[in-house]
Amino acid sequence: MVTVQEIQQLIRQSIRDAYPEPEAGAIAQLLLEHVLQKSRMQLSLQQQEVVSSAQEAQVQEAIARLQQQEPVQYVLGVAHFYGLELQVDERVLIPRPETEELVDLVLKEHKGQQGLQVLDICTGSGCIPLALAANLSAVKAYGLEVSAGALEVAKANSEKYKLSIAWLQQDVFEPVQGIAAGSLDIITSNPPYVLEEEKELMRPNVLQYEPHLALFVPDTDALKYYRRITAVAKGLLKETGKLYFEINERYGKQVQELLLEAGFTDAAVVQDLFGKDRMVRAVK
């Protein structure tokens, strides 16, 4: 007979080599909330409650995966993003807090507007268009992604929340099909932007488990996606339509200059909560 308190301590101790404190404590909390279907408050008030043998077995299975440095979001099968609980697995990148900041920027700049048409390029789990569709009025949203596996995850997420997104399995380096020229108000993208040379700086749980297709660009052509998406946006955006990028903090000025050279105006580098250059937005 194991209590909530005991199993919480067990998780923390068991995964400490892979995930040092305080991360181990945060992961133990997430795992128990998920397995026991209790809120943080309920768990803190019910520390002496006994955990069922089935729940204990579920926790032990999760611990074994976490000890291999598998990200907790993949172990649980869900990630939280802008108020949504999204399905995630190894076919998609785990949504990051900085991408929530990108969504927040778009929402602030389009508050109260009706009937917007939005395209997200390199959509992965669909987190960006889903969050925008959930928070903007009567939006028509598209999500474009080359990976068929990623789009299966995105579709499952849109069905869960009954959000109508047009999913397009296409390579952005080919002509975009199914969207009329000059029809979009907003294009967003969090494309691959980690340089191959930055691999050695990354944690094993990212390198071993998350899809490299969604992460990496060649060292010799760091801006390849930004250049191509800028060209696509010139054709698909309405006049005064806006383009929003998440970026590698090393390339804020270069992405800004690329947009200005392409004829966009009001190109601005926007910092994240940690003061890093993380977004660039511009107007057609």
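For the single chain, residues carry numbers from 1 onward in sequence order.
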Subject >> Backbone of F216 reached by a side-chain donor or acceptor of K199 within 3.5 Å >> reply: no
Original post:
Is any side-chain N of the basic residue among K38 and E49 closer than 4.0 Å to the acidic one's carboxylate O?
Top reply: yes
**OP:** Inspect the contact between D221 and R227 and indicate whether a charged nitrogen and a carboxylate oxygen are less than 4.0 angstrom apart.
**Re:** yes
Subject >> E246 with R278: basic N within carboxylate O range, under 4.0 Å >> reply: no
**OP:** For side chain to side chain contact (heavy atoms under 4.5 Å, CB included), just list the numbers for V118 and H110, CA-CA rounded to whole Å, side-chain angles, deciding distance to a tenth of an Å, and then say yes or no.
**Re:** CA-CA 11 Å; V118 181; H110 296 86; over 6 Å; no
Subject >> Contact summary for N157 and S125, nearest pair of heavy atoms >> reply: ND2-O, 3.2 Å
**OP:** Output all residues satisfying salt bridge (Lys or Arg N to Asp or Glu O under 4.0 Å) with R228, sequence neighbours left out; order by chain, then residue number.
**Re:** none
Original post:
Hey, is E23 close enough to R203 for a salt bridge, meaning N to O under 4.0 Å?
Top reply: yes
**OP:** Would you tell me whether Q9 and Q5 have side-chain atoms, one donor and one acceptor, within less than 3.5 Å of each other?
**Re:** no
Original post:
Quick one: does E197's side chain have a donor or acceptor within less than 3.5 Å of a partner on D219's backbone?
Top reply: no
Original post:
Can R281 and E109 be counted as an ion pair, charged N to O under 4.0 angstrom?
Top reply: yes
Original post:
What about L86 and L151, same hydrophobic cluster or not, with Ile/Leu/Val/Met/Phe/Trp/Tyr joined at side-chain heavy-atom distances under 4.5 Å?
Top reply: yes
Subject >> Side-chain donor or acceptor of Q37 paired with backbone N/O of H34 under 3.5 Å >> reply: yes
Subject >> Lys/Arg-Asp/Glu bridge criterion (N-O < 4.0 Å) met for R91, E145 >> reply: no
**OP:** Consider only side-chain heavy atoms of I, L, V, M, F, W and Y, link residues closer than 4.5 Å, and tell whether V255 and L260 are in one cluster.
**Re:** no
**OP:** Go through the steps for T123 and W167 under the test side chain to side chain contact (heavy atoms under 4.5 Å, CB included), then give the verdict.
**Re:** CA-CA 9 Å; T123 202; W167 302 110; 3.8 Å; yes
Original post:
Is there a donor-acceptor contact under 3.5 Å from the side chain of D277 to the main chain of V269?
Top reply: no
**OP:** Compute whether any side-chain donor of one residue and acceptor of the other, for Y74 and E90, lie under 3.5 angstrom apart.
**Re:** no
Subject >> Under 4.5 Å side-chain linkage, directly or through intermediates, the cluster mates of V35 >> reply: V2, V4, I7, L10, I11, I15, Y19, I27, L30, L31, L32, L36, L43, V51, V59, I63, L66, V72, V75, L76, V78
Original post:
I247 and Y226: side chain to side chain contact (heavy atoms under 4.5 Å, CB included), yes or no, with the steps?
Top reply: CA-CA 9 Å; I247 60 160; Y226 297 102; 3.8 Å; yes
Original post:
Does the side chain of D185 come within less than 4.5 Å of K238's, by heavy atoms?
Top reply: yes
**OP:** Test L136 against L107 for side chain to side chain contact (heavy atoms under 4.5 Å, CB included), laying out the working first.
**Re:** CA-CA 7 Å; L136 287 168; L107 292 175; 3.6 Å; yes
Subject >> Pair listing, side chain to side chain donor-acceptor pair (under 3.5 Å) test, anchored in residues 59-71, at least two apart >> reply: R65-E70
**OP:** Please check if the side chain of Q117 supplies one atom and the backbone of K140 the other of a donor-acceptor pair under 3.5 Å.
**Re:** no
Original post:
If you measure only the distance, is there a donor-acceptor pair under 3.5 Å linking the side chains of Q29 and Q8?
Top reply: yes
